[in-house]
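Contents: one structure, followed by commentary.
Atoms within each ligand, like the ligands themselves, are counted from 1 in listed order.
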Amino acid sequence: MKDRILVTGGTGYIGSHTVVELQQAGYEVVIVDNLSNSSADVVDNIEAVSGIRPAFEKLDCLDFAGLDGVFAKYPGIKAIIHFAASKAVGESVQKPLLYYRNNIVSLINLLELMPKYHVQGIVFSSSCTVYGQPDKLPVTEEAPIKKAESPYGNTKQINEEIIRDTVASGAPISAILLRYFNPIGAHPSALLGELPNGVPQNLVPYIVQTAIGIREKLSIFGNDYHTPDGTCIRDYINVVDLAKAHVVAISRILEQKQKEKVEVFNIGTGHGLSVLQLVHAFEKATGVKLNYQMAPRRAGDIEQVWADPTLANQKLGWKAETSIEDTLLSAWKWQLRLREKGIQ
Ligand code: UDP
């Protein structure tokens, strides 16, 4: 029988790509999502890509009794990948309690239910935001955790601690914390991708919406940073590559290959790209000229960060594979499909 995996937030951007990769690796997936930032159509699109329809339960992870019911309805769930969370940095500053409640209580509910249903482990979506501006680059998992810049970032740090404390207390579970760098791109089929809510806050969604004419021009936030071209540097990771990291993390848990009951891995390419380099790579990959201007720095931005992914490369046997050109082309094809469907 196929191992059954619960994916919370499975209709979201990273979640949906991960569901497909899990299915293609032979897992049976149950999705829980409250559709607060995604739509039920995504379930159809997952099926169109993989040929397999995942089980889907529309449910908020704050609903403890509802979650209990999901575990009872789908017996034998072996592990959880927990994506469901609020993720807009700016909004979290405006509505901290919403963020603390959503992101922290959801995790607590899952951790409380895991022993009852003999769920072996959990893969948690963490973020390189926990490093703040690292003192040394590339940043390793050993780098100190810096004070969070936003309630959103703080929920990632607190959730990592909650998982560590729960495992340390003797709960019969294990965990893998994946610290994502900057996920971008879409499924090569153009059936799955990122659907920003309103004006995009993230760079690549803003670029593709500018290229297609929804936005007039991209503002590059700051060109006076201490970087070679003055713009910020990030480690942009292809979303399908990122999804595959979750699949290997799940098999590491289920095959009991973990060296420690809580492991943490950086999930990035190991290469930093500046905003300007990314813009030029987009133009080269797509042949579309991008309208952009230099603008003041954005509050709270880190100057530069990129991953040392050696640990993930060696222990998980995972490596980012897709080129930045292919990744940006996939984001562009996704935007073209949204236009074709009259969505955006
Ligand atoms: N950025 C930009 N213009 C935009 C959106 C983002 O210049 O319209 C820059 C931003 O300042 C940062 C980089 O692009 O240096 C990546 O930003 P994003 O919000 O995508 O990710 P994060 O800030 O979480 O790294």
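A search for salt bridge (Lys or Arg N to Asp or Glu O under 4.0 Å) contacts involving Lys58 returns nothing, not counting sequence neighbours.
Closer than 4.0 angstrom to ligand 1 lie heavy atoms from Asn182, Gln201, Asn202, Leu203, Tyr206, Leu218, Ser219, Ile220, Phe221, Cys232, Arg234, Tyr236, Val275, Arg298, Asp301.
Just one of Tyr180, Trp318, Tyr27 meets the ring-ring contact (aromatic ring centres under 6.0 Å, His included) condition when paired with His246; it is Tyr180. Screening Asn159, Asn154, Thr155 for a side chain to side chain donor-acceptor pair (under 3.5 Å) with Asn103, the sole residue that qualifies is Thr155. Checking Ile267, Thr269, Asn266 one by one against Phe181, the side chain to side chain contact (heavy atoms under 4.5 Å, CB included) holds for a single residue, Asn266.
Here the straight-line distance linking atom CD of Glu57 with atom CG of Asn34 works out to 13.5 Å at 0.5 Å rounding.
Heavy-atom minimum distance, Pro205 versus Pro200: CB-CB, 3.7 Å.
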